[in-house]
Structure formats: C-alpha cells, structure tokens
J.: 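First the structure, then my questions, so here it is.
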Amino acid sequence: MKKKEITLYDNYPSIEKENETRAFLFEVYADEENWKSPEEIPDQRVYDEIDFQDGETWRDVKDGLNTIFEDGYYLLTGYFGSWRGNLDGGNFIRSLDDLIRVIQHLDYIKITDCNGHLIIEGSHHDGNDRYELKRLTRKGYEYADRNYFARDRELHDTIMRCNFYSALPKFAKRIYGL
C-alpha cells in the first residue's frame, strides 16, 4: 500500500515556511508596502504572518478534533521523551480538553494523518514525544470498561492492536475529504 501522509498541523520553525510566507506576503502586499523583493520584507512581519496562519490552522484542527470526539472514546498511546529516555504510556480521551492536557507541555507539534492513522509528534525541553490516537469500537469500549479504563500498557496494547477494539480515526478523510 502506498503511504499517504497528510500534514494537518505543524508549528515547527523552518526556512521553507519562512520562504513560503515571504513569497505570499510579497505577492499580496508588495505594491501596498513598496517592497521591491521578498528579502525586503521585515523579519517581524514574516513571523507575525506565520503566527497568524498557525493560529488559523490550529483552530481548524481543533474544530475537526472536536468533531471526531463526538464519536465516543479514543485511546492515545505512545511515548514521552524525558531526560530518563522515552517513557511509554497511554490515556483514554473523551474530548479535546483531555487531549490538550496530554500534549500541552509540547513546544512544537506536528499532527499527521498517515493512511488513516492520526499521529501526534512534538518536542519540548526534555525530548520528543510521539503518540497515535485511535477510536474505541463498541467492543473496545466494553473491554476498557471491564478493565476500569486502567492506565495499563497491556490493556492499551491489546486495544490498539485489535481491530475489534479500535479503529483508525481517518481524520483527513472524515474532516477534510482528503
């Protein structure tokens, strides 16, 4: 199967993003601002536009996440990068607020849909995190409920590996039709 990866959100700084933003600003505002080339655009104007676009994209992704969380329970598993190395873990997620609580420590975030898998990667002062979010099926919810929605690696692994217990969110397809 061909790998189809769609970046839904990415606030990591990059030269490419800066150059694309400069080109956009030049195309739209060059006459109004009397810029002769993209290089004349003040850096702060570029950074402000990147922040603005980032905020708009983040709002769209949050709206999409709110929509998928209406389907029920989800399970987020992966690892947290710490000074002691990567620490495995997982959380049951019912809302956007639950998800934000898990990832709020991240300085930079990249959210991708890779063939229907919703992947959240990020970095912070101690290292890098990587998570996957999957929807619990009815059987998965019942199995988790019988196990008191425990924070237990074996329970999480069983749910994540079994398509009777969890399903791909297919975020990009459901929310954006991609």
J.: Tell me whether Asn147 contacts the main-chain N or O of Tyr143 through its side chain, where contact means a donor paired with an acceptor under 3.5 Å.
T.: yes
J.: In this structure, is the centre-to-centre distance between the rings of His156 and Phe92 below 6.0 Å?
T.: yes
J.: Residues two or more places apart in sequence or in another chain: which of them pass side-chain contact (heavy atoms from CB on, under 4.5 Å) with Arg135?
T.: Asp71, Tyr74, Ala167
J.: Considering only NZ, NE, NH1 and NH2 on the basic side and carboxylate oxygens on the acidic side, decide whether Asp54 and Arg59 come within less than 4.0 Å.
T.: no
J.: For the pair Arg174 and Ile68, evaluate side-chain contact (heavy atoms from CB on, under 4.5 Å) and give the outcome as yes or no after the intermediate values.
T.: CA-CA 8 Å; Arg174 289 185 55 212; Ile68 70 166; 3.5 Å; yes
J.: Treating Asp152 as the side-chain partner and Glu154 as the backbone partner, does any N or O pair qualify as donor plus acceptor under 3.5 Å?
T.: yes
J.: Report yes or no: does Glu27 contribute a side-chain atom to a donor-acceptor pair with the main-chain N or O of Ala23 at less than 3.5 Å?
T.: no
J.: Is any side-chain heavy atom of Tyr131 closer than 4.5 Å to one of Ile119?
T.: no
J.: Using a 4.5 Å cut-off on heavy atoms from C-beta on, say whether the side chain of Phe164 contacts that of Thr137.
T.: no
J.: Taking side chain as C-beta onward, heavy atoms only, is Thr112 less than 4.5 Å from Leu118?
T.: no
J.: Applying salt bridge (charged side-chain N to carboxylate O under 4.0 Å, His left out), run through Asp88 and Arg153 and close with a yes or a no.
T.: CA-CA 8 Å; Asp88 292 331; Arg153 182 186 296 174; 3.3 Å; yes
J.: Say whether Leu133 and Val61 are linked into one hydrophobic cluster, either directly or through other cluster members, by side-chain heavy-atom distances under 4.5 angstrom.
T.: yes
J.: Going through the distances and angles, do Asp98 and Arg101 end up as a salt bridge (charged side-chain N to carboxylate O under 4.0 Å, His left out)?
T.: CA-CA 5 Å; Asp98 289 348; Arg101 272 192 282 282; 2.7 Å; yes
J.: Could you check whether any side-chain N or O of Arg22 sits under 3.5 Å from a backbone N or O of Ile41, counting only pairs where one atom can act as donor and the other as acceptor?
T.: yes
J.: Is there a donor-acceptor contact under 3.5 Å from the side chain of Asp113 to the main chain of Ile6?
T.: no
J.: For Gly116 and Pro169, which heavy atoms make the closest approach, and how far apart are they?
T.: O-CD, 3.5 Å
J.: Is it the case that the side chain of Lys134 and the backbone of Asn163 share a donor-acceptor pair, with hydrogens and angles ignored and the cut-off at 3.5 Å?
T.: no
J.: Let me confirm one number: the CG-CH2 distance from Leu8 to Trp58, rounded to the nearest 0.5 Å.
T.: 10.5 Å
J.: Verify whether one side chain among Asp129 and His105 offers a donor that lies under 3.5 Å from an acceptor in the other.
T.: yes
J.: Kindly check if the number of other-residue, nucleotide or ligand heavy atoms within 6.0 Å of OH (Tyr176) is above 12?
T.: yes
J.: In Å, rounded to the nearest 0.5 Å, how long is the span from NZ of Lys173 to CG of Asn115?
T.: 11.5 Å
J.: I'd like to know if Lys110 and Glu121 make a salt bridge, using a cut-off of under 4.0 Å between side-chain N and carboxylate O.
T.: no
J.: Identify whether Ile100 and Ile120 are in the same connected component of the hydrophobic contact network (ILVMFWY, side-chain heavy atoms under 4.5 Å).
T.: yes
J.: Measuring from atom CG of Asn91 to atom CD1 of Ile103, what distance do you get when rounded to the nearest 0.5 angstrom?
T.: 11.5 Å
J.: Hydrogens and angles aside, do Glu70 and Asn66 bring a side-chain donor and acceptor to less than 3.5 Å of each other?
T.: no
J.: With hydrophobic residues grouped by side-chain heavy-atom distances under 4.5 Å, do Leu99 and Tyr9 end up in a single group?
T.: yes
J.: Is any side-chain heavy atom of Cys114 closer than 4.5 Å to one of Lys3?
T.: yes
J.: Do Phe69 and Ile159 sit in the same hydrophobic cluster, where Ile, Leu, Val, Met, Phe, Trp and Tyr count as joined when their side-chain heavy atoms come under 4.5 Å apart?
T.: no
J.: Just do the side-chain contact (heavy atoms from CB on, under 4.5 Å) check on Phe24 and Gln53 with the steps written out, would you?
T.: CA-CA 11 Å; Phe24 166 76; Gln53 290 178 13; 3.8 Å; yes
J.: Quick check: does any side chain N or O of Lys17 sit under 3.5 Å from a backbone N or O of Tyr12, one acting as donor and the other as acceptor?
T.: yes
J.: Only pairs at least two apart or in different chains count here, so list each side-chain hydrogen bond (donor to acceptor under 3.5 Å, both in side chains) that has a residue in residues 75-85.
T.: none
J.: Side-chain contact, heavy-atom cut-off 4.5 Å: Ile111 with Phe171?
T.: no
J.: With a 4.5 Å cut-off on side-chain heavy atoms, are Phe52 and Asp48 touching?
T.: no
J.: Would you mind reporting whether Phe80 and His124 have side-chain heavy atoms less than 4.5 Å apart?
T.: yes
J.: Quick one, Tyr108 and Asp10 - any side-chain contact, counting heavy atoms below 4.5 Å?
T.: no
J.: How long is the gap from CD on Gln104 to CG on Asp97, to the nearest 0.5 Å?
T.: 10.0 Å
J.: Ring-plane angle category for Tyr29 and Trp35, please: parallel below 30°, perpendicular beyond 60°, tilted otherwise.
T.: perpendicular
J.: More than 12 foreign heavy atoms under 6.0 Å from CG of Asp31: is that the case here?
T.: no
J.: Might you confirm whether atom CD of Gln44 has over 12 heavy atoms from other residues, nucleotides or ligands at distances under 6.0 Å?
T.: yes
J.: What's the spacing between Thr21 OG1 and Glu18 CD if we round to 0.5 Å?
T.: 8.0 Å
J.: Test your reading of the model: is there a side-chain donor-acceptor pair from Asn128 to the backbone of Gly81, 3.5 Å cut-off?
T.: no
J.: Is Tyr73 reachable from Leu76 through a run of hydrophobic residues whose side-chain heavy atoms are each under 4.5 Å from the next?
T.: no
J.: Donor-acceptor pair, Asn11 side chain versus Ile109 backbone, under 3.5 Å?
T.: yes
J.: Looking at Leu136, is its backbone amide N or carbonyl O close enough to the side chain of Ser166 to form a donor-acceptor pair, meaning the two atoms are under 3.5 Å apart?
T.: no
